[in-house]
Q: 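Shown below is the structure under consideration.
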Number of protein chains: 2
Amino acid sequence: MNEPHPLASGDKSQGTSKKTAIETVQEQIRERVISGALGPGERLHVDKLRLEFGVSTSTMREAISRLLIDGLVTSEQQRGFRVAPLTLKDFRDITDARKLIEAQALRISLSNRSDVWEADLVAAYHRLSRIEERLIGEGKPEFAHDWDTWNSNFHDCLVQNCDNAWLKRFRRTLHQHSYRYHRRLIGDRSLPRDVRIEHKAIFDTAIAGDIEACVAAIEAHIEKSYTDLTQQHDLSE
Amino acid sequence: MNEPHPLASGDKSQGTSKKTAIETVQEQIRERVISGALGPGERLHVDKLRLEFGVSTSTMREAISRLLIDGLVTSEQQRGFRVAPLTLKDFRDITDARKLIEAQALRISLSNRSDVWEADLVAAYHRLSRIEERLIGEGKPEFAHDWDTWNSNFHDCLVQNCDNAWLKRFRRTLHQHSYRYHRRLIGDRSLPRDVRIEHKAIFDTAIAGDIEACVAAIEAHIEKSYTDLTQQHDLSE
DNA sequence: CGTCAAATAAAAAACGATTATTTTTAACAA
DNA sequence: TTGTTAAAAATAATCGTTTTTTATTTGACG
């Protein structure tokens, strides 16, 4: 049924078939930044990229400019654009901000629960569990990409009923950046820990309607992600 | 002698004399959006604006694109840009998000206090008080604009020591939007209430180092601002 | 009269070239 | 060698036009 967005833009939804060139390019560059194909701090050569994508200067510039929106790219006076750097401090700040914002978004979402949402969440959790069984239980690393997709889907589903557009927007931005650190730190390797227990706790408390327990579980989940990633790996590697 | 930024960009600081055309235009359009010269929901005609500012299409497009960053402008598939609308629900959401984020930024800032900061805050409060004495005490509405400036300066000063760039960024965005509602709802009229007591409470608790009392005071201040503005005025007016 | 579709007008998106700025290279003098 | 500066190259910013898309009008036909 509902195809989830791996990390795509949050609101396009309807099948607007014909995207504008700017949007297409923007999405592809974003993908490269998040995946690390364009490394942190690396310069974005408008002319090179424009030739590669077969678009004009202004189109490329506007596409890149729009990545300033979520802070994946920075711009400096007369010296163009560059990919936002990755630093430990930044990851720490993102983690703290996520704990704050995601927790609140979750509180709101959970207090607006509905039957549809409950069904969606059960479905999302079910799919995620199956992937995790294969990825972690059976140790099949080829499911890492699917896990990204469905993990993201599960977390989106949790805050689905939060009706504060600003919190949702900030949450999405932070999640995107977090994911970038994730990609950088673990690469294609499998997860450094068994997240199944954490996800179960989040799911159970959410379904049970125990808001504060669920919030605590999410906060712990986010924090643990930071600790594990930074302990086992190194940003300068 | 530190000139405060009325609501300007938070980080340029150094006297980078020659701004790029895009930046100049961007700032002016932002000003128009916040002030209401460009009304909520209004379309941004690239061609008209470009002629008015004497720049090319691409420059104007890129300038407007960059206002997407802080959400003052929205863009729709093949039908250009328009000024973000103003709605009561949005103002409510902004208020809630501000309470959450500003409170946390304040907690961090206050726990990183320093002598320099204390002096800055005393100075900022002093200047604000003087303006408020004239604006509210003596009822001189011609100080309304100065009040905007120094009120903003006082609040910036409070969170000055928050070292989480993300929270600061979100706070700044929300403040900008909040200010836009403020402008729309009270216009050039003077404040609907006496904020002197609130500011005093914030200042006193901050100096005293009573973090949670200060946070509570800020939250109340933000909430009161919403209540008073929405009770006395009407968005559709 | 009202509906539908072709023709026209308006506006957005995309283009590729020109101009300004920064960075690199190279020449020369201390 | 080292430091300074001027020319050259590279890259960023800006420009004005062309193409594509969407909105509006017009007019034939039911």
Side-chain angles (χ1 to χ4, degrees), chain A residues 9 11-30 32-33 38-69 71-85, chain B residues 9 11-30 32-33 38-69 71-85:
Chain A
S9 68
D11 51 350
K12 55 165 168 41
S13 45
Q14 9 73 301
T16 357
S17 43
K18 38 190 169 181
K19 271 176 245 166
T20 187
I22 290 173
E23 288 174 306
T24 311
V25 173
Q26 183 192 350
E27 279 168 31
Q28 301 206 195
I29 305 264
R30 165 181 287 130
R32 289 196 190 185
V33 171
L38 284 165
E42 191 175 323
R43 288 190 55 184
L44 259 30
H45 294 271
V46 177
D47 215 54
K48 283 209 179 67
L49 288 167
R50 120 163 204 254
L51 286 160
E52 187 183 339
F53 282 86
V55 297
S56 76
T57 313
S58 3
T59 304
M60 183 50 78
R61 277 188 67 90
E62 197 171 324
I64 295 176
S65 285
R66 292 195 185 186
L67 291 179
L68 294 169
I69 295 173
L72 288 170
V73 157
T74 61
S75 110
E76 269 180 293
Q77 284 271 8
Q78 308 285 40
R79 63 198 61 175
F81 305 98
R82 57 176 67 230
V83 177
Chain B
S9 67
D11 52 350
K12 57 165 165 39
S13 46
Q14 10 72 300
T16 358
S17 41
K18 39 191 168 181
K19 272 177 241 164
T20 188
I22 291 173
E23 287 173 308
T24 311
V25 173
Q26 183 192 351
E27 279 169 30
Q28 301 205 197
I29 305 263
R30 165 181 289 128
R32 289 195 188 184
V33 171
L38 284 166
E42 190 174 323
R43 287 190 57 183
L44 259 30
H45 293 272
V46 178
D47 214 54
K48 284 210 180 67
L49 288 167
R50 120 161 203 253
L51 285 160
E52 187 183 338
F53 283 87
V55 297
S56 75
T57 313
S58 0
T59 303
M60 183 52 77
R61 278 188 66 89
E62 196 171 325
I64 296 176
S65 285
R66 291 194 186 189
L67 290 179
L68 295 169
I69 295 173
L72 288 170
V73 158
T74 61
S75 112
E76 269 181 294
Q77 284 271 7
Q78 311 281 33
R79 64 197 61 177
F81 306 96
R82 57 176 68 229
V83 177

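The basis for the numbers below is simple: all heavy atoms, side chains too, and nothing from hydrogens, waters or symmetry mates.
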Q: Distance check needed: D/dA12 C1' versus B/E23 CD, whole Å only.
A: 12 Å
Q: Within this structure, what is the CZ-to-C1' distance between B/R82 and D/dA23, rounded to whole angstrom?
A: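 Atom-to-atom, B/R82 to D/dA23, this comes out as 13 Å.
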Q: Without decimals, in angstroms, what is the distance between B/Q78 CD and D/dT20 C1'?
A: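 In whole Å, D/dT20 C1' lies 8 Å from B/Q78 CD.
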Q: Check the interface with nucleotides 6-11 of chain C: list each N/O to N/O pair with the protein under 3.5 Å, or write none.
A:
{"from": "C/dA11", "atom 1": "O3'", "to": "B/R43", "atom 2": "NH2", "distance (Å)": "3.4"}

Q: Would you list the protein and nucleotides 15-18 of chain C atom pairs, both N or O, that sit under 3.5 Å from each other?
A:
{"from": "C/dC15", "atom 1": "OP2", "to": "A/S56", "atom 2": "N", "distance (Å)": "2.9"}
{"from": "C/dC15", "atom 1": "OP2", "to": "A/T59", "atom 2": "OG1", "distance (Å)": "3.3"}
{"from": "C/dC15", "atom 1": "N4", "to": "A/S58", "atom 2": "OG", "distance (Å)": "2.6"}
{"from": "C/dG16", "atom 1": "O6", "to": "A/S58", "atom 2": "OG", "distance (Å)": "3.0"}
{"from": "C/dA17", "atom 1": "N6", "to": "A/T57", "atom 2": "OG1", "distance (Å)": "3.4"}

Q: Below 4.0 angstrom from OP1 or OP2 of D/dA23, is there any side-chain N or O of B/R79?
A: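 So the side chain of B/R79 is within the cut-off, an N or O lying under 4.0 Å from OP1 or OP2 of D/dA23.
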Q: For the residue pair A/T20 and A/E62, establish whether any side-chain heavy-atom pair is separated by less than 4.5 Å.
A: no
Q: Please report the distance, rounded to the nearest Å, between CG in A/L51 and P in D/dT11.
A: 12 Å
Q: Rounded to whole Å, please give me the gap between CG in A/L44 and C1' in D/dA13.
A: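 That distance rounds to 16 Å.
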Q: Would you indicate what A/R61 reaches in the nucleic acid, counting non-hydrogen atoms under 4.0 angstrom: base, sugar-phosphate, or nothing?
A: base
Q: From CD of B/E76 over to P of D/dT22, roughly how many Å is that when rounded to an integer?
A: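 After rounding, the reported distance stands at 12 Å.
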Q: Does A/T20 make a side-chain N or O approach to OP1 or OP2 of C/dA14 shorter than 4.0 Å?
A: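 Yes, because at least one side-chain N or O of A/T20 sits under 4.0 Å from OP1 or OP2 of C/dA14.
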